[in-house]
Amino acid sequence: MIGIKADLTELDLPEVYYSIGDYCSSTARWCPGCGAHAILTSVQKLCREEQLPPEKTVFVSGIGCSSRFPHYMKTYGFHGLHGRAFPVAEGVKFRRPDLDVFVITGDGDCCSIGAGHWVHAIRYNMKMVVLLFDNEIYGLTKKQTSPTSPVGTQSNTHPKGSILPPINPIQSTLGFTNVSFVAQTADWNPAHLYATIKKAHEHPGLSFVRILQRCPVWMLDGFSSDVSRPESLTLLDHENGIELDDQVRNSFGKIIQHDPSNIDKAREYVELEDGSNPIGLFYQNTEALRYDEYGAHNIKMPVNKRLEGLNGLLDKYAI
Ligand code: SF4
């Protein structure tokens, strides 16, 4: 017994080890077959692999099916207002740079009512992971055309089919000032999904990940039908891109070599001639300016000192 005790003390064991169960809250109430389940599993796996302390991790969401996400994580969370996940997450990160911040948003939440915040969040480039669950439809409110619905999508708002060309969130994000990380993945390829979220989490800035997400209830002909069509995905591959093992890489019928430092080429690959969906890392710049670093200056200054400084400034305007 003494010998065993001695061996254990020599092991470099962490004081706390978080298992998947430590990140799981209540049972997810998404529909059976919804792609959101796979994303939740991948994120919980990331938390365990990276041993993210639950009390130092925050999930912020807006409104929509995807935005129920914080309820299912046993971490801090904020289920906010429609389209307003970004400003809440920015506020959290600005004052608490020590926290790991994730934004969970949907195509309606981010690309419609929240579009103004989306543009500026990309420009602020604060260190956080943004997961856009794009099922190309408003699911929670039972099938209205979203900004990413393909032309011809029949919905309650467009019974004869939607008319306007959809926004491509990757194309848009690549056009925003100070963009630093843009990737696309699909919920039905768990290896690629996990590897993409991991790469996003490692990025020193705002990582924007569009996840092609199945909604088998309202968009049966959308990504839900792509699951049985491997040719619907094309892999963007590079040594600086998403890390995959050869078995996963070889499961793709079509692979394009793409250097993620090349933003012009990234824009070219957003829409492919064969109609397949490109997945991989479109663009990464680890040197882009970060507004949260600016905000972190003097963050530990005592409150009385802050007030002193503020009053000093306000005195300049005294009449
Ligand atoms: Fe998922 Fe669609 Fe059900 Fe919403 S309506 S939970 S997106 S399957």
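One-based numbering, in listed order, for ligands and for the atoms of each.
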Pair Ser180, His203: side-chain N/O donor-acceptor within cut-off below 3.5 Å: yes
Is it the case that Thr153 and Thr145 place a side-chain donor and acceptor less than 3.5 Å from each other?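 There is no such pair between these side chains.
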Using 2.8 Å as the cut-off, note every protein N, O or S atom close to atom 4 (Fe) of ligand 1.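 Cys65 SG, with waters left out.
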Under the rule for salt bridge (Lys or Arg N to Asp or Glu O under 4.0 Å), what residues qualify as partners of Asp245, not counting sequence neighbours?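 Testing Asp245 for salt bridge (Lys or Arg N to Asp or Glu O under 4.0 Å), a comparison that skips the adjacent residues, returns none.
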Test of understanding: with salt bridge (Lys or Arg N to Asp or Glu O under 4.0 Å), list the residues that count as partners of Asp107, not counting sequence neighbours. none
For ligand 1, which atoms, with element, lie under 4.0 Å from some heavy atom of Pro216? 8 (S)
So is Gln213 in contact with ligand 1, going by heavy-atom distances below 4.0 Å?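 So Gln213 counts as touching ligand 1.
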With His82, which residues qualify under ring pair (Phe, Tyr, Trp, His ring centres under 6.0 Å), at least two apart? none
For Ile113, does the CD1 atom sit with more than 12 other heavy atoms under 6.0 Å from it, leaving out its own atoms? yes
Parallel, tilted or perpendicular, judged at 30° and 60°: which one describes the rings of Phe133 and Phe69?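 The rings of Phe133 and Phe69 stand perpendicular, inter-plane angle above 60°.
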